[in-house]
Amino acid sequence: MSRRTSILAEYPLLPIGATALLFLLFGEDWLGSLDDRLWAASMFLWLFATIMWAAIRVVHHADCLAEHLGEPYGTLILTVSVISIEVMMIAALMLHGADNPSLARDTMFSVIMIVMNGMVGVTLLLGALRYGEQTYNLQGANAYLGVIMPLAVLSLVLPGYTVSTPTPTLTSFQSVFLILMSLGLYAVFLLIQTVRHRPYFTVEEASQDAPAAHHARGSVAFHALFLLAFMVPVVLLAKKLAIPMDYGIEQLGAPPALGGFIVAALVLTPEAIGAMGAALTNRLQRSVNIFLGSVLATIGLTVPAVLTIGLVTGESIELGLQSADLIMLLLTLAVSMVTFSSSRTNVLQGSVHLLLFLAYIMLIFAP
């Protein structure tokens, strides 16, 4: 494919970039008065669709880089790209000024529930319905869970039980400790994943129903450049999205946790499509790398980012989960340990995770 054709295929950058420019120039006026619900809904849908489109293109170029670089680097680029979008969106929403100190917690909890229950459930179910059983590298899954579990508990459970503050927050000293520990553990994991134990995160597929999609049109530099180009509008539009989203939640009387769910669903949808597609072509190892890698990157990178923002701006960051959410997190971690205790998956495991995801959705609206 010629370079000209490759560049023309990136036409989505024009409407996406135009949207970002329009909102930079006129966004203050357009979003200044949202009393008309139809206008507010239109603004939200326009921004949501544009950010989703940009995120899909980011994932596309991450997949192209994955074809060039191979596993586990390919999946690592994909997860870090998606989590970078998540971090930037949370930062933009936090700095928007809305009084929602639990936004980061709700978003991270939503990511864990959507990925560990929704994505895992649907992926395992689809793969099992098509192939009966699928295999993956058990050592890699255990390595992921071995880091996910302590980070999840220390970040989302422990703050609710510390006594240094009256709310489920951390002191500055505790925040710095958690930042350093999260980054340190994630760095050690990356060393294991990319250098010392790369075979843990790859597997020789016994059979493939269809070959992997080969859609890399350009060089590594080409795809890296456009990956960054599509990420810029996400950063510019994320803060704008916060305005109609906060207005809609307030006007509808919706639970505050819905904001975190919307952010998580927005950034995870392209990744979920990739995980399900890999399972349907009997490449479950890539699916495992995608969804477990997403959860680990979310905790390992988002927690340090939001705590740093809180320390710099003086914003209060609530991390500790309460009541039903706490039970759902611990149950999800326990079920995940059982699911990934064998190198073969079947329809029962997918059904259990999907049931937990539906329970999570129910609890958002009926806590």
Side-chain angles (χ1 to χ4, degrees), residues 23-24 27-28 31-32 34 47 51 80 83-112 150-187 231-232 234-250 254-264 266-267 297-323 325-326 329:
F23 273 93
L24 283 176
E28 187 173 347
L31 300 174
L34 297 175
L47 289 166
I51 293 175
V80 171
I83 298 308
S84 297
I85 294 175
E86 177 191 331
V87 170
M88 289 185 290
M89 288 194 66
I90 292 176
L93 294 173
M94 287 175 62
L95 297 175
H96 166 60
D99 185 18
N100 188 2
S102 64
L103 173 66
R105 178 197 67 193
D106 293 339
T107 302
M108 287 186 286
F109 178 62
S110 294
V111 168
I112 294 174
L151 284 182
V153 172
L154 288 174
S155 302
L156 298 175
V157 178
L158 187 63
Y161 291 90
T162 56
V163 296
S164 299
T165 58
T167 57
T169 59
L170 298 174
T171 64
S172 297
F173 175 75
Q174 292 169 336
S175 296
V176 171
F177 173 81
L178 187 55
I179 289 170
L180 295 177
M181 197 199 69
S182 298
L183 291 175
L185 271 179
Y186 191 67
M231 287 186 71
V232 171
V234 175
V235 179
L236 298 176
L237 294 175
K239 187 175 180 179
K240 305 297 183 182
L241 179 66
I243 301 173
M245 186 175 75
D246 289 341
Y247 173 82
I249 290 175
E250 180 181 350
L258 184 61
F261 176 80
I262 291 173
V263 173
L266 177 59
V267 298
T298 293
I299 305 173
L301 299 178
T302 306
V303 168
V306 298
L307 287 177
T308 300
I309 292 172
L311 290 173
V312 172
T313 63
E315 292 279 343
S316 177
I317 308 296
E318 293 186 7
L319 288 179
L321 293 171
Q322 304 294 314
S323 57
D325 289 346
L326 177 59
L329 174 65

Before giving the answer on side-chain contact (heavy atoms from CB on, under 4.5 Å), spell out for Leu156 and Ile112 the whole-Å C-alpha distance, their side-chain angles and the decisive distance to 0.1 Å. CA-CA 11 Å; Leu156 298 175; Ile112 294 174; 3.7 Å; yes
How close do [X] and [Y] get, counting heavy atoms only, and between which atoms?
X      : Y      : answer
Arg105 : Glu318 : CB-O, 3.1 Å
Ala264 : Ser110 : CB-CB, 3.7 Å
Gly160 : Gln322 : CA-NE2, 4.3 Å
Ser164 : Thr171 : CB-CG2, 3.4 Å
Pro159 : Leu319 : CG-CB, 3.9 Å
Leu307 : Leu178 : CD1-CD2, 3.9 Å

Is the shortest heavy-atom distance from the side chain of [X] to the side chain of [Y] under 4.5 Å?
X      : Y      : value
Leu236 : Phe23  : no
Ile299 : Ser182 : no
Thr302 : Val111 : no
Leu151 : Val303 : no
Ile243 : Leu47  : no

Using 0.5 Å steps for rounding, measure from the [atom1] atom of [X] to the [atom2] atom of [Y].
X      : Y      : atom1 : atom2 : result
Glu28  : Lys240 : CD    : NZ    : 7.0 Å
Leu311 : Ser172 : CG    : OG    : 5.5 Å
Phe109 : Asp325 : CZ    : CG    : 4.0 Å
Leu31  : Tyr247 : CG    : OH    : 12.0 Å
Leu158 : Thr162 : CG    : OG1   : 6.0 Å

Report yes or no: do Thr167 and Thr169 form a side-chain donor-acceptor pair below 3.5 Å? yes
Under the criterion side chain to side chain contact (heavy atoms under 4.5 Å, CB included), which of Ile51, Thr107, Leu258 is the partner of Val263?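 Single pass found, and it is Thr107.
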